[in-house]
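Residue numbers start at 1 and run along the sequence shown. Computed from a predicted model, the values in this text were never measured in an experiment.
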Amino acid sequence: MSDADIYDLARRAGVAVEWTDYADQPHRVSLDTIRRVMAALGLPCDTSDALAHSRHVLNDRGFPRLITATTGQSVRVSIEAEVPEYIRLIQENGSVTDLPVQRTAACMTLPGIETPGYHTIEVGQTQATLAVAPAKCVTISDLASGERVWGLAAQLYGLRSRGDCGIGDMAGVIALAKATAAFKADALALGPAHALFAADLEHFSPYSPSNRLFYNPLHADAAAVFGGARVAKSRSDIGASREASDLEESALIDWPRSGRIKMRILRRLFDDFLATDLTTKPPSALATDFAAFLAANGSLLAEHALFEALHAAKLKADPNAWSWQEWPDEWRDPFGAAARGFAEKNEGEVLFYSFLQWIADRSFAAAQRQVVAAGMRVGLIADLAIGMSGGGSYAWANQSDLLGGLQIGAPPDLFNVNGQNWGLTTFSPRALVNGGFAPFIATLRACMRHAGGVRIDHIMGFMRLWVIPHGAAASEGAYLAYPRDDLLRLTALESHRHRVIVIGEDLGTVPVGFRDRLAAAGIYGMGVLWFERYGAGFAPPRSWLADAVAMTSTHDLPTIAGWWRGRDIEVRARCGFVSDLAAEKTARNSDREALWKAFRAAKASAGKAPTPDQGASVADAAVKFIAHTSSRLALLPLEDALALEDQPNLPGTINEHPNWRLRYSGDAGRLLDPPAVQKRLHPLGGRKEQ
C-alpha cells in the first residue's frame with residue numbers, strides 16, 4: 001500500500017487531496033488528515049486490507065435508492081446492475097407508465113418526465129425514488145411578477161412583547177411583521193429557531209443547534225395555542241411575575257434566568273393540559289390536535305423528546321455529563337435497552353418535551369398565517385444553520401447520518417489566518433446518497449413548513465465543505481465534495497411544494513462557477529454592502545446582481561452606524577483582535593470617504609460626509625443606496641433600520657461580546673413608529689399605510 005493508493009482512493013471518494021488558499025498558494029492535505037476523513041466516511045484506509053475493502057465499496061455501484069432529475073430532461077444514472085429495456089414508473093398520483101431505457105456499459109439514461117414529484121421506478125423486484133424537480137426554485141417573480149420586493153431581517157430573540165419573560169417569541173415576530181407590512185414590505189427574515197438544549201440554557205447560540213428538525217420552545221408563543229388568559233394564569237401560578245417583568249425590561253437577555261421562568265410556565269401549562277384536556281371525554285380540540293401532531297412527527301419527535309428528557313436527567317445527576325458521546329456505552333444507543341427503559345419509566349417527562357414542540361410548531365404556523373394575512377407576499381424567511389452540535393439530539397439518534405470524528409469550518413483566509421472550526425457536524429455525503437437523501441429532505445421540510453422563504457447558511461456546503469478531524473487545527477482539514485446537483489434539485493422540488501423562495505448565504509470562499517449554478521437553480525445569493533467593492537472603492541448599485549439579495553449588513557458584521565463611528569474597531573480591539581489600532585483607524589477614515597463618495601455618486605446622499613457620531617444620517621443614505629440596486633429582493637437588518645451601533649454577533653468571541661443577547665429597545669410593534677425610522681424606510685417601499 002503506497003501513499004499514492006491512499007490519495008487515489010480519497011479523490012474517488014470526493015476528498016480533495018490538494019487545495020488553493022486565498023493567496024493562490026497550493027497546499028497538499030496530510031496523509032493523517034486523509035485517513036481520518038476517509039474513516040469518517042466509512043472508507044478506512046489505514047491498512048492494505050482496509051484500503052482494498054474501501055476500494056471495493058466504492059466500485060459497487062448498485063441501484064441507487066433515490067435519483068434526481070429535472071422536469072423534461074433525461075437523466076443519466078451510473079449503475080452496473082442489469083437493467084431491462086423498459087422500467088415501470090409509478091407517479092405520485094398513482095398512474096403507471098413503462099419507460100424506455102437507454103443502456104451503456106456503465107450507466108442508464110431515463111427519458112424526461114414532465115410532472116414534478118417523488119415518483120417510484122421499479123426494475124424487477126427493486127424500487128427506487130425518482131425525484132423530479134422544476135428547473136428553478138420558486139422565485140420573486142412567481143410571487144410578485146415584475147416587482148422588486150423588500151423586507152426586514154431581525155433577531156427573533158431580541159424582539160420585545162408583553163409577557164415574553166425576556167426572550168423574544170412569535171408574538172413579537174407577529175407584531176413587527178404587521179408593522180413592517182404597513183410599509184408595503186413583503187418579508188421578515190429571522191435567525192435560526194432550531195431546537196437547542198432545553199436542559200442547558202447556557203447553550204444559546206442559534207447556529208449551534210441540537211436538532212434542526214424542531215424548534216426552540218423558548219421562542220414559542222403559548223398564547224397562540226392556549227389563549228392569553230390561560231397563559232397568564234400559569235404565569236401567576238408559578239409566582240415569578242415580578243422577576244419575569246424585570247427580565248423583560250433588561251437591555252440584555254439573561255438566557256438561563258429567562259429560560260427557567262419560561263420553562264416553569266410551560267411546565268405549569270403542561271400539568272394543566274394533562275389534568276384537563278387529556279382527561280376529558282370526548283377529548284378536547286387541543287388534545288385531538290396534540291395527538292395529531294404526535295402521529296405526524298412520529299419517531300423523529302419521539303427520539304428528540306427522549307433525548308431532551310434523558311439529557312436533563314444526566315445533567316441533574318452529573319453537571320459534567322453534557323455530551324452523550326461521553327456517557328456510558330449503554331446510554332449512547334438511542335434504541336438500546338437502557339434508553340427504552342428510561343422512556344418507559346419517564347413517559348410523562350418525555351411527553352412534556354413533545355408538548356413543547358407542539359406549542360412551538362403551532363405558534364410558528366400561526367405567525368406565518370398572520371403575516372401573510374397582513375399583506376406580506378413572502379412572509380417569514382426562516383434560517384437553516386449549516387450544521388448541528390455533535391452532542392445534540394439529532395446526532396444521538398442518527399449517528400450513521402453524520403460525519404463522526406469530523407467538524408466543519410473554513411480554511412485559512414485573509415480575515416482568519418488560522419482557519420475556522422465551527423464546532424459543528426453535519427451530514428455525511430455518502431450517508432445521504434445511501435439513505436436516499438431522507439435526512440436532507442426532512443431538514444428542508446422542517447425549515448420550510450411554516451415559512452415563505454428560507455436562507456441556507458453557508459450554501460457552499462451543497463458543493464463542498466471544509467472538514468477537520470477532532471483535535472486537529474482548523475488549517476489541518478480538507479475539502480469534502482457533496483452531490484451538488486442532487487441537493488439543488490431536491491431544494492427546488494421542496495421549494496415548489498412549500499411555495500417558498502430560497503436564499504443561499506454565499507459569503508466567503510466560493511468555488512468558481514458556483515454562483516452561476518445557484519442562479520440557474522433560482523437560488524438568490526447575498527449582496528452585502530461591505531463586500532460589494534471595486535478595489536479601494538465601493539461598487540455602484542447598478543453593478544449589484546439582480547439574483548442576489550441586497551443587504552446593508554448581516555448579523556456577523558458591523559451595523560452601518562457602528563461601522564461609521566468605528567464602534568466595531570473599538571470592540572475588536574477590546575477583544576484582542578486588532579494588532580495595529582492606529583492603522584485600522586486610518587484605514588477606516590479612507591473607507592468612510594470611499595463609501596460617502598459612492599453614496600453621492602448614486603444620489604443616495606449629498607454634501608459633506610457626516611461626522612463619525614452622525615451614523616443615523618449614513619444609515620439613511622445606505623438604505624437609499626441599496627434601494628437603487630437592481631436586486632429583486634432587499635433585506636434591511638432591523639439594526640440598520642433603527643440606526644443601531646452594536647452588531648448582534650462578533651465571530652470568534654464567546655463571552656467577550658454579548659453575542660445573541662442584545663434586545664431591541666422598544667415593543668416590537670412600535671419599533672418603526674419614530675418619524676426618523678419611517679423616513680429611512682421610505683425609499684424601499686413607500687410610506688406607512690394609514
Side-chain angles (χ1 to χ4, degrees), residues 137-140 143-144 148-159 168-170 172-181 183-194 206-207 212 215-216 219 364 367-368 370-372 374-386 447-459 495 498-507 523-529 547-557 559 623 626-627 629 631-642 644 647-649 660 662 664 668 671-672 681 684-685:
C137 296
V138 170
T139 65
I140 296 297
L143 304 178
R148 179 247 182 86
V149 301
W150 78 280
L152 291 179
Q155 305 307 312
L156 192 166
Y157 56 80
L159 298 173
D169 59 31
M170 299 313 291
V173 168
I174 292 170
L176 176 62
K178 288 181 176 180
T180 309
F183 288 87
K184 300 180 182 178
D186 282 299
L188 176 60
L190 303 173
H194 305 310
Y207 285 97
R212 297 180 297 178
Y215 291 115
N216 182 350
H219 297 316
F364 273 74
Q368 174 65 3
Q370 290 194 46
V371 302
V372 170
M376 286 191 171
R377 285 174 287 187
V378 176
L380 302 180
I381 298 178
D383 200 318
L384 176 58
I386 180 59
C447 205
M448 293 178 175
R449 66 179 178 261
H450 300 317
V454 59
R455 171 194 175 274
I456 299 176
D457 188 37
H458 194 75
I459 199 168
S495 165
H498 290 85
R499 196 68 176 167
V500 304
I501 63 169
V502 180
I503 301 166
E505 190 260 310
D506 58 348
L507 307 178
I523 296 177
Y524 297 92
M526 291 175 58
V528 180
L529 178 61
D547 294 324
V549 178
M551 302 184 70
T552 52
S553 192
T554 75
H555 59 263
D556 285 336
L557 297 170
T559 66
V623 173
I626 65 167
T629 67
S631 302
R632 297 302 310 279
L633 171 64
L635 287 176
L636 178 67
L638 184 54
E639 288 75 14
D640 287 337
L642 305 178
L644 304 180
Q647 64 194 72
N649 178 55
W660 318 120
L662 296 172
Y664 301 108
L671 288 173
L672 308 184
L681 296 179
L684 287 171

Looking at [X] and [Y], would you say the former's side chain and the latter's main chain have a donor-acceptor pair under 3.5 Å?
X      : Y      : answer
Asp640 : Thr559 : no
Gln368 : Leu380 : yes
Ser495 : Val500 : yes
Thr554 : Asp556 : yes
Arg377 : Gly452 : no
Ser631 : Ala548 : yes
Tyr524 : Thr139 : no
His219 : Gly168 : yes

Determine the minimum heavy-atom distance between [X] and [Y], stating which atoms define it.
X      : Y      : result
Ala189 : Leu635 : CB-CD1, 4.1 Å
Asp186 : Gly375 : OD1-O, 3.7 Å
Ala668 : Gly172 : CB-O, 3.3 Å
Val371 : Ala177 : CG1-CB, 3.1 Å
Arg148 : Ala550 : NH2-CB, 4.4 Å
Ile386 : Arg212 : O-NH1, 3.3 Å

Quiz item: Have Tyr664 and Gln155 got a donor and an acceptor in their side chains that come within less than 3.5 Å?
Solution: no
Quiz prompt | With sequence neighbours excluded, residues passing ring pair (Phe, Tyr, Trp, His ring centres under 6.0 Å) with His555 | solution = Tyr207, Trp660
Less than 4.5 Å apart, any side-chain heavy atom of [X] and any of [Y]?
X      : Y      : result
Leu642 : Leu671 : yes
Leu190 : Val173 : yes
Asn649 : Gln647 : no
Pro648 : Tyr157 : yes
Val528 : Leu557 : yes
Met376 : Thr180 : yes
Glu505 : Ile459 : no
Leu672 : Leu638 : yes

Quiz prompt | Separation of Lys184 NZ from Trp150 CH2 (nearest 0.5 Å) | solution = 11.5 Å
Quiz prompt | Nearest-0.5 Å distance, CD1 of residue Ile626 to CG of residue Leu529 | solution = 8.5 Å
Practice problem: Could you list the residues that satisfy side chain to side chain donor-acceptor pair (under 3.5 Å) with Asp506, not counting sequence neighbours? | Solution: Arg515
